[in-house]
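Just below is one structure, and these are the notes that go with it.
Nothing fancy with the numbering, it's 1 onward along the sequence.
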Amino acid sequence: MVKVEFLGPIQKEPLELEITNLNELATILQDDPQMKEWLENSAVAVNDTLVSSRDFALKDGDKVALLPPVCGG
């Protein structure tokens, strides 16, 4: 089971999913109209380490976080 967290302004409760890579997560989230926009603009971290490949392998107990872009001053 992989825990998926949505940080910042993404208003979505955490999910627990049986997935093996980030491609599977992207496919699941594409079906949610609100998430489609965030997927295009957000960074992704696995166990607090940024990753850039959707082929990144996931294992039981991993934590995935979607990190939307932020502005500040």
About how many Å separate NZ of K36 and CG of L29, when rounded to the nearest 0.5 Å?
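Spacing of CG (L29) from NZ (K36) equals 12.5 Å.
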
Show the nearest heavy-atom pair for residues [X] and [Y], with the distance to one decimal.
X	Y	answer
S42	P68	OG-CA, 3.5 Å
L50	A43	CD2-CB, 4.0 Å
A26	L39	O-CD1, 3.9 Å
M35	I10	SD-CG2, 3.8 Å

Are [X] and [Y] packed together at the side-chain level, in the sense that at least one heavy-atom pair is separated by less than 4.5 angstrom?
X	Y	value
V2	V46	no
F6	L15	yes
N41	P69	yes
V64	V44	yes
Q11	Q34	yes
T27	E24	no

Could you tell me whether K12 and D32 have a side-chain N and a carboxylate O separated by less than 4.0 Å?
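Yes, charged N to carboxylate O under 4.0 Å.
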
Decide if atom CD of E37 counts as having more than 12 heavy atoms of other residues, nucleotides or ligands within a radius under 6.0 Å.
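No, because the 6.0 Å sphere around CD of E37 holds 12 heavy atoms or fewer from other groups.
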
Can you establish whether the number of heavy atoms outside D48 located under 6.0 Å from its atom CG is more than 12?
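Not more than 12 within 6.0 Å, no.
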
Side chains of residues 55-62: which donor-acceptor partners sit under 3.5 Å, not counting sequence neighbours?
residue : atom : partner : partner atom : Å
D55     : OD1  : N23     : ND2          : 2.7
K59     : NZ   : D62     : OD1          : 3.2
D60     : OD1  : M1      : N            : 2.2
D62     : OD1  : N47     : ND2          : 2.8
D62     : OD2  : K59     : N            : 2.8

